[in-house]
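The block underneath contains the structure these notes are about, expressed in C-alpha cells.
Starting from 1, each residue takes its place in the sequence as its number. Heavy atoms only: backbone and side chains are in, while hydrogens, waters and symmetry mates are out. Small disclaimer: the values here were computed from a predicted structure and weren't measured.
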Amino acid sequence: MRQENFAVMMEFLRARLHEDKTVAQALKPGKNQDVERLRDRVLADIEAKRRLMDWVEEYPQALKDTERRVSLHGLTRQVIAGVSQDLRTPVIYELVVAYADHPDFHPEWKPIEVGDQDEPGADEPSARSRAGNRVHQNR
C-alpha cells in the first residue's frame, strides 16, 4: 500500500471515530440501562480502535524512544514492535470497511472476497477464515 493512501485511510478512520464518539456521548440513557450499556460499549470500542491505530502507526517508534528493560514484558514489547508495518496495516483495512457506506469511503479500501464457496463444512466460515480469505484492492 502506498504511504499517502494509508495516511488518507487513517485520517478517514479518525474522522469516523470522532463522529461516532460525538453521537455516543450525546445519547442520554435516562431510565433505559440498555442504552447506557450500548453507549459505554461504543465508547470503549472507539478507544480500542484508536489504540489499534496507534499500534499500527506509531508503536515501533514509541518503543525506540523509551528505555528498554530486560524483562519478559520488555521482550514482548520488542517482539510486537518488530512486526513490520506492512503486516500491521491489514488491521486498518478491517476497521475502515465498517464505514463502507460513508460518502468519503474510497472503493479501493473495500476487500475483495475470495472463494469460500466450495469449502465443505459449516455454512458460515469463522471470522479467522474470512479474514484469511480477503484480498485488499490497493496492495
For [X] against [Y], the heavy-atom pair lying closest together:
{"X": "K28", "Y": "Q25", "value": "NZ-O, 4.0 Å"}
{"X": "N5", "Y": "E108", "value": "OD1-OE2, 4.0 Å"}
{"X": "K21", "Y": "I46", "value": "N-CD1, 3.4 Å"}

### Message
Test: salt bridge (charged side-chain N to carboxylate O under 4.0 Å, His left out). Region: residues 5-15. Which pairs qualify, not counting sequence neighbours?
### Response
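Residue pairs with at least one partner in residues 5-15: R14-E57.
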
Apply ring pair (Phe, Tyr, Trp, His ring centres under 6.0 Å) to residues H102 and F12 and explain how you reach the verdict. CA-CA 10 Å; H102 192 278; F12 170 86; 5.5 Å; yes

Path from [X] to [Y] over hydrophobic side-chain contacts below 4.5 Å:
{"X": "L17", "Y": "V23", "result": "no"}
{"X": "V91", "Y": "F6", "result": "yes"}
{"X": "Y99", "Y": "L95", "result": "yes"}

Query raised in the report: Passes salt bridge (charged side-chain N to carboxylate O under 4.0 Å, His left out), D34 versus R37? Steps please.
Result: CA-CA 5 Å; D34 291 336; R37 276 195 299 268; 2.4 Å; yes

Let me see the working for D45 and K49 under salt bridge (charged side-chain N to carboxylate O under 4.0 Å, His left out), right down to the final yes or no. CA-CA 6 Å; D45 184 62; K49 288 176 181 177; 3.1 Å; yes

Q: Return the orientation label for the F105 and W109 ring planes: parallel under 30°, perpendicular over 60°, tilted otherwise.
A: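 Plane angle over 60°, so perpendicular.
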
Between the CE atom in M10 and the CE atom in M53, the distance rounded to the nearest 0.5 Å is 4.0 Å

